[in-house]
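For the numbers below, each heavy atom of this structure counts, side chains included, while hydrogens, waters and symmetry mates do not. We're numbering straight along the sequence, starting at 1.
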Amino acid sequence: CSPAIFAQCWNFFEECRFQFGSGIVWGVPVTDQGLTDVRPQWAATGPLGARIAAHNWTGTSLGPVATWSIALKTLISLMLDSRQPMFIAWGPSQNWLYNDAFAPIAGRKHPDCLGLPAREVWAEAWTELEPLFEQVWAGHPVHMDDFSLELDRRGKLEEAHFAFSYTPVRCEDGIVTGLFGACIEI
């Protein structure tokens, strides 16, 4: 990115950076008091980046963006910059974050599933998913090449097959605090 283009993007971001309770970025109202700590590329990466930047995280166990760890912010940047479907389950409630490429997999759950606990987002498949999440939270990565789930993405249960990888994310003290996932629907 040339310095001139970067300067234009930065100026655009600064123009979109409003006080709490006002403003719109990518058509999404900005409501999070922690927005002042959001990296500019989040809002500029696309619709999900704007939603993550604008979401009222204070109502979740993650708290305001300003309190998020560098590890979480880095993973979000990596996830949003990818064209592969990716997601993060973070914190004790395993709050769900995902990128634009994952939105079609979420189906009608998108965009309302952003920030919800994973067990609520995937309630219909939690019996199959919970043991995998438990493995990750115990520090063990999980990978499967053809995993079948019954998902409600369009108002009814449908069979879906995925190749995926769940990777534990550790905080500075080595404790697993999140799950980083990449998948492909096959």
- Query: Can I52 and L114 be said to form a side-chain contact (heavy atoms from CB on, under 4.5 Å), step by step?
  - Reply: CA-CA 8 Å; I52 291 170; L114 181 66; 4.0 Å; yes
- Message: Is there a side-chain contact (heavy atoms from CB on, under 4.5 Å) between V169 and L179? Walk through the geometry before answering.
- Response: CA-CA 6 Å; V169 182; L179 175 154; over 6 Å; no
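Here side chain to side chain donor-acceptor pair (under 3.5 Å) pairs that include residues 111-125, with residues two or more places apart or in two chains, are K109-E124. Listed by first then second residue, pairs satisfying side chain to side chain donor-acceptor pair (under 3.5 Å) with a partner in residues 94-107 read S61-N95, Y98-H110, not counting sequence neighbours. Counting only residues at least two apart or in different chains, salt bridge (charged side-chain N to carboxylate O under 4.0 Å, His left out) contacts with residues 85-95 are absent.
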Check: residues 126-133 side-chain donor-acceptor pairs under 3.5 Å, at least two apart:
none

Please report, to 0.1 Å, the donor-acceptor pairs under 3.5 Å made by any side chain of residues 147-156, with sequence neighbours excluded.
residue	atom	partner	partner atom	Å
S148	OG	E159	OE2	3.2
D152	OD1	R108	NE	3.4
D152	OD1	R108	NH2	3.4
D152	OD1	G155	N	3.0
D152	OD1	K156	N	3.1
D152	OD2	R108	NH2	2.8
R153	NH1	I105	O	3.4
R153	NH1	E185	OE1	3.0
R153	NH1	E185	OE2	3.4
R153	NH2	E158	OE2	3.0
R153	NH2	E185	OE2	2.7
R154	NH1	E158	OE1	3.4
R154	NH1	E158	OE2	2.8

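A continuous path of hydrophobic side-chain contacts links F102 to M144 [ILVMFWY only; heavy atoms under 4.5 Å]. Note: the hydrophobic cluster containing I186 does not contain F162 (ILVMFWY, side chain heavy atoms under 4.5 Å, direct or indirect links). Both I76 and L78 belong to a single network of hydrophobic side chains, linked directly or stepwise wherever heavy atoms of I, L, V, M, F, W or Y lie under 4.5 Å apart.
Rounded to the nearest 0.5 Å, atoms CG (D81) and CE (M86) are 10.0 Å apart. Rounding to the nearest 0.5 Å places CG of L62 at 6.5 Å from CG of L97. With values rounded to the nearest 0.5 angstrom, R51 atom CZ is found 13.0 Å from L80 atom CG. Between atom SG of residue C171 and atom CG of residue L72 there is a gap of 11.5 Å, rounded to the nearest 0.5 Å.
With hydrogens and angles disregarded, a donor-acceptor distance shorter than 3.5 Å links the side chain of S77 to the backbone of K73. Looking only at distances, a side-chain donor or acceptor of T60 sits under 3.5 Å from a matching main-chain atom of W57.
Between F87 and F164, the distance separating the two ring centers is not shorter than 6.0 angstrom.
Considering only residues two or more places apart in sequence or on other chains, W90 meets the ring-ring contact (aromatic ring centres under 6.0 Å, His included) condition with none of them.
Residues P64 and T58 share a closest heavy-atom pair of CG-CG2, 3.5 Å. Closest of all the heavy-atom pairs between G63 and W68 is O-NE1, 3.0 Å. What you find for G139 and V176 is that their closest heavy atoms are CA-CG2, 3.9 Å.
In this structure, P141 and S165 have side chains that are not in contact, with every pair of non-hydrogen atoms separated by 4.5 Å or more.
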